[in-house]
Amino acid sequence: MIDLDDLIQRAIDPSTVKLEGTLTNPPSFGVYVIDSDDGSTHYRFGSHPVRQHELEDKFGGCELEYLFLSREDAAAMTAVLNRPES
């Protein structure tokens, strides 16, 4: 099972990456929160900030929740956050 606290510890501060063209150096992967009109919350991830712009265009807005240097960590965090509550 994925440890949420361990993933949170691996998240980085967005100010530690530098925007170069349309991507960051070093490459980074964001986890974004999207609030739906029906009040539900969903999370998506992808290359930062390209994915953020795609989600803003598609959903009208999103917010960066976590930033990772590992795509796998971003995918794992997204899966944990989208998991239905028991």
CD1 on Ile34 to CD on Glu65, rounded to 0.5 Å
11.0 Å
Other residues, nucleotides and ligands only: do more than 12 of their heavy atoms fall within 6.0 Å of CZ on Arg10?
yes
Backbone N/O of Gly39 and side chain of Ser36: donor-acceptor pair under 3.5 Å
no
Under the 4.5 Å side-chain heavy-atom rule for ILVMFWY, direct or indirect, which residues accompany Leu23?
Val50
Are Phe68 and Ile12 close enough that some pair of their side-chain heavy atoms sits under 4.5 Å apart?
no
Straight-line distance of Glu56 CD to Tyr32 OH, nearest 0.5 Å
9.0 Å
Which residues satisfy the side chain to side chain donor-acceptor pair (under 3.5 Å) test with Thr41, sequence neighbours excluded?
Asp35
Is there a side-chain contact (heavy atoms from CB on, under 4.5 Å) between Met77 and Leu4? Walk through the geometry before answering.
CA-CA 7 Å; Met77 178 62 84; Leu4 181 62; 3.5 Å; yes
Looking at Pro27 and Leu69, what are the two nearest heavy atoms and their distance?
O-CD2, 3.6 Å
To the nearest 0.5 Å, how far apart are OG in Ser28 and CZ in Arg51?
14.5 Å
Apply side-chain contact (heavy atoms from CB on, under 4.5 Å) to residues His42 and Leu81 and explain how you reach the verdict.
CA-CA 8 Å; His42 303 279; Leu81 293 172; over 6 Å; no
Could you state whether Leu55 and Leu64 fall into the same hydrophobic cluster, counting links through intermediate Ile, Leu, Val, Met, Phe, Trp or Tyr residues with side-chain heavy atoms under 4.5 angstrom apart?
yes
So does Asp37 have more than 12 non-hydrogen atoms from other groups sitting under 6.0 Å from CG?
no
Can you tell me how far apart CZ (Phe59) and CD (Glu54) are? Round to the nearest 0.5 Å.
11.0 Å
If you measure from CZ on Arg83 to OH on Tyr43, what distance do you get to the nearest 0.5 Å?
12.5 Å
For the residue pair Val31 and Ala74, what are the closest heavy atoms and their distance?
CG2-O, 3.6 Å
Could you tell me whether the side chain of Val33 reaches within less than 4.5 Å of the side chain of Cys62, counting heavy atoms only?
no
Test side-chain contact (heavy atoms from CB on, under 4.5 Å) on Phe29 and Leu67 and set out the steps.
CA-CA 6 Å; Phe29 305 89; Leu67 191 64; 5.8 Å; no
Applying side-chain contact (heavy atoms from CB on, under 4.5 Å), run through Arg44 and Thr78 and close with a yes or a no.
CA-CA 6 Å; Arg44 301 290 185 270; Thr78 302; 5.5 Å; no
